[in-house]
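On a predicted model such as this, the values are computed, not experimentally measured, just so you know. In the text below, chain A, chain B and the rest are named by the order of the sequence lines, each starting its count at 1. Heavy atoms only: backbone and side chains are in, while hydrogens, waters and symmetry mates are out.
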2 protein chains.
Amino acid sequence: MRATIKDVAKKSNVSIATVSLVINNNKRISHNTRKKVLKAIDALGYQPSRSARDLVSRKSGNIGFILTEDHFLKTEPFYTQIFLGAEFEARQHPYYVLLSMISADSSQQNTLPRFVLENSVDGIIIAGKVPEELITNLDKYSFPVVFVDYYPSENGHAAVLIDNLNGGMQATQHLIDCGHSKIAFIGGDMEHPSIRDRFQGYKMALEKKGLSFSNERVINTEIATSRENGYSAASTLLKKDNQITAIFACNDAMAIGAMQYFKEIGLQIPADISIIGFDDVQMDILVDPPLTTMQVPKVDMGSEAMRLISEILDHKINGTKKILMPVNLILRNSTCKLEN
Amino acid sequence: MRATIKDVAKKSNVSIATVSLVINNNKRISHNTRKKVLKAIDALGYQPSRSARDLVSRKSGNIGFILTEDHFLKTEPFYTQIFLGAEFEARQHPYYVLLSMISADSSQQNTLPRFVLENSVDGIIIAGKVPEELITNLDKYSFPVVFVDYYPSENGHAAVLIDNLNGGMQATQHLIDCGHSKIAFIGGDMEHPSIRDRFQGYKMALEKKGLSFSNERVINTEIATSRENGYSAASTLLKKDNQITAIFACNDAMAIGAMQYFKEIGLQIPADISIIGFDDVQMDILVDPPLTTMQVPKVDMGSEAMRLISEILDHKINGTKKILMPVNLILRNSTCKLEN
DNA sequence: ACCTTTTGGTTAAACGTTTAACTAAGGTGG
DNA sequence: CCACCTTAGTTAAACGTTTAACCAAAAGGT
C-alpha cells in the first residue's frame, strides 16, 4: 500500500497539515521541521495522490491536446513535433497531456473528445486546422483554449502562430537577393490562414522591390499542400508562364513535389530554376538538391502553447494573447544566384 | 459551478447513494427511480468527477504509453498508428492515455516518465524497442505492463506482437512461388526480435522448399533499418552475389532504399529484380513501382494492447498473455514471376 | 510589566465519490 | 398471522489532500 500524507505525518511527528505545507513550500514552516518532514517523505517514498489533490483543488491536472487524425499520421513529423514540445514543457508544470485525435471530416463533428465531455481537462490546446464545428461545439464548454498553427475565423482566442507574413517576405526576399525577378508562388488551401499570410508576404516583398506581381505566376487552386499537388502545380505553372526562374512554394511538401516534376522534365535545380520551401521538415536534407527553406520552430511552438495555457489557467493573463514565432532562412542548395 | 452528485440527488429526491448506484448500473434500483435519476442527470448535464471517483477507488484512471522519441518522430507513421489504435480503444474503457516520449539513448535512462514517478497510471503500454534500463528501472514500480512490437529479453511479460516468423515465411514463400530461387535477405539491427524472426522465417521458407541458404545473400550488418541503410545494403549485396533475382527486405524503409539503388544503377524492378518489404507503410504506394509487402495491422495492435492491459487490470487474466497479430501479403508491382 | 505582533504550527472542514452496513416495507410460506 | 426473506432504498464512513480559522509561545514595543 502506498504511503499517504498520514504516514509521513506520523513518522515525522507533525500534523498532516504541516506535511502539506511543506510539500507546497509554504514559508510558515521552520527550517528544522521542513527537513524532518522531507526526510520522512524520502524514507517512505511518498508521492501525493493526484486524485485527492485534484479533488480539493477542483482541477483535473490535465491539458487536452486536439489534433486531426491525418495531421497526426502525416508522413512529416510536423504536428507530432509540436506535441512533443508541449509534452516536454508539461513536465515543468503540474499537468499531464491528454492527446485526442479527431476526424478531419467536418461532417461527423458531433463527437467531441471524451475528455471534454467528461470535463477531465483544465484547458485545451488545438493544433493545426480543425473543422469549425469542433470549435463551436467546444465553445459551449468554455474551456480555456490555445490554438497552435491555426486560427479560427472568429477572433479572441489565444494562439501560437508562425510569423508567416514575415516568413513569406523573407523567402521571397531571398530569391530577389539572388537576382530573380520572375518569381512564382505555389500555394494550396487558401482557406488556411498560414498559407494566405505566406502569400501575402510574397506579394509584399515583390511590391517593396517594385517587382511586378502577376496572377500568371501564382498557383492557388490546389486543394491540399501535399507533395502530389506540388507536382501538378509545377506542371500547370510552367504552362502558364515558362519565363519564371524561381519559385516560392508555400510549404516543403509542395516544394519537393515540384522539384520532382522539374527533374523529370529535365530542368536543373537550381541552375535552371531556384526553389524555396517553408517548414523545414526532415525530408529536406535527403532530397536532391537539399531544399532551401524557412525553418519554423515546431518543438518550441508546442512548449510555448503549453506555457501559454498554463499562464491562462493561473490567471496571469487573459485568454487572448497571441505569440508569433520567428522564422529562419535556412540556406541549402535549391536556390542560387541567377546567372545571366 | 459544475453539478455534483448532490445536485442530482436533490433534484430527483433520492440519496446520493442512489444516484451513485444508478450511475454504476446497480440492479438494486427500481426501474422508476432509475428513470427519475437519469432524467435529473440529463437535465443538469451531470458528469461524475474523475478525481473523486479515482480517490475512492484508488485508481488513477490513466494508462501510460511509452515510446522512444525517434519512434514517435519517424517519418513513417508506424508507432503513431499503434498509439492511435490504443487511444481509440481507450474510449471504450474508463481510461485516458498519457503519452510520454523517452530518449532512445540508453545512457540517460535514470529518468522515468513522470507518470510513473508520480504513480499516476494504473498500467503501462510500451511500444517499440526501448532501452533495457528503462525496463529494469520500471520493474521496481511493479506496474502491469504490456509490450507492443517488442519484447524484452527476460520473459514473463504480456505483449502484442507481429507474427514475424510467419510473415517472413510468407514473404519468402511468395518470392519462391514467383519462381525465384536466388533470394536475398536484407536485414538491420539483428538485436531486434522482430527482425530476427523475419530472418528466421526467411530461412525456414527456403529450407522447406529445399532451396539452398547462403550467407552471401544475407545482409545483417546494417545498424538501423532506415532507407539509407537499405540503399547501402543493396549495394554491398550485389557485390557479394550478383546472381540474385529477388530480395526480401526486413522492412519497407530498407526495401525503398534498396529500390532507389537499383534504379540508379539501371536495374528494372521487378523485371530484373523482385523486391518485397514488410510493414506496409504509406509510402509504399507512392514509390515506383508500388512495393509488394507484408501488411501489419498497426492500429489493431494498439487496440489489442489497450484491451490487454485493461483485462489485466480487471484481473481477468494474469500479466503474461501474448497476442500474435496475423500478417497479410499485399501484392503490388515490385515483385513478379521470374522470366527465363 | 503588559499589550501586540510574529512565528510555527494544529484542527477540522471540505472536495465528490463509492460501498458496506443498515432499515423499512412488502411479499411468502407454513 | 407470524417469522423470515426480498426489494429498494438510506446512512455514514472512507479515500487523501488543501486551507481557512484557530492557537500557543516567543519576540517586540512602550
So, does A:N26 use its side chain to make a donor-acceptor pair with the main chain of A:R28 at under 3.5 Å? yes
Counting N and O atoms only, with roles assigned by atom type, does the side chain of A:D42 sit under 3.5 Å from a partner on the main chain of A:L38, one being a donor and the other an acceptor? no
Classify the nucleic acid contact of B:I23 as base, sugar-phosphate or nothing, counting any heavy atom under 4.0 Å across all strands shown. nothing
Between its two end axes (five pairs each) the helix from C:dA1-D:dT30 to C:dG30-D:dC1 turns, nearest 10 degrees, through 40°
How close do B:R50 and B:S60 get, heavy atom to heavy atom, and via which atoms? NH1-O, 4.4 Å
Give the minimum heavy-atom separation between B:P77 and B:K298, together with the two atoms involved. O-CD, 4.4 Å
Looking at B:I125 and B:V148, what are the two nearest heavy atoms and their distance? CG2-CG2, 3.6 Å
Please report the shortest heavy-atom distance between A:T33 and A:S30, naming the atom on each side. OG1-OG, 2.8 Å
Where do N or O atoms of nucleotides 6-9 of chain D meet protein N or O atoms at under 3.5 Å, pair by pair?
{"unit_1": "D:dG9", "atom_1": "OP1", "unit_2": "B:S30", "atom_2": "OG", "d": "3.2"}
{"unit_1": "D:dG9", "atom_1": "OP1", "unit_2": "B:T33", "atom_2": "OG1", "d": "2.8"}
{"unit_1": "D:dG9", "atom_1": "OP2", "unit_2": "B:S30", "atom_2": "N", "d": "2.6"}
{"unit_1": "D:dG9", "atom_1": "OP2", "unit_2": "B:S30", "atom_2": "OG", "d": "3.2"}
{"unit_1": "D:dG9", "atom_1": "OP2", "unit_2": "B:T33", "atom_2": "OG1", "d": "2.8"}
{"unit_1": "D:dG9", "atom_1": "O6", "unit_2": "B:R28", "atom_2": "NH1", "d": "2.5"}

Please give me the minimum heavy-atom distance between A:H157 and A:K322, naming the atom from each residue. O-NZ, 3.1 Å
Specify whether B:F147 and B:Y151 have parallel, tilted or perpendicular ring planes, treating 30° as the upper limit for parallel and 60° as the lower limit for perpendicular. perpendicular
Outermost contacting nts on DNA chain C, any atom under 4.0 Å from chain B heavy atoms, listed 5' then 3', are C:dG16 to C:dA21
Check B:R307 with B:E311, please: is the shortest side-chain N to carboxylate O separation under 4.0 Å? no
Tell me what B:D54 touches on the nucleic acid: a base, only sugar-phosphate, or nothing, going by heavy atoms under 4.0 Å. nothing
NA contact type, A:S49, heavy-atom cut-off 4.0 Å: base, sugar-phosphate, or nothing? sugar-phosphate
Between A:F83 and B:F72 the two heavy atoms that sit nearest each other are CD2-CZ, 3.6 Å
Indicate, with yes or no, if the rings of A:F78 and A:H71 have centres closer together than 6.0 Å. no
So what does A:S57 hit on the nucleic acid, given a heavy-atom distance under 4.0 Å: a base, only sugar-phosphate, or nothing? nothing
If you assign A:K6 and A:A17 each to the DNA chain D nucleotide with the nearest heavy atom, which residue ends up on the more 5' nucleotide? A:K6
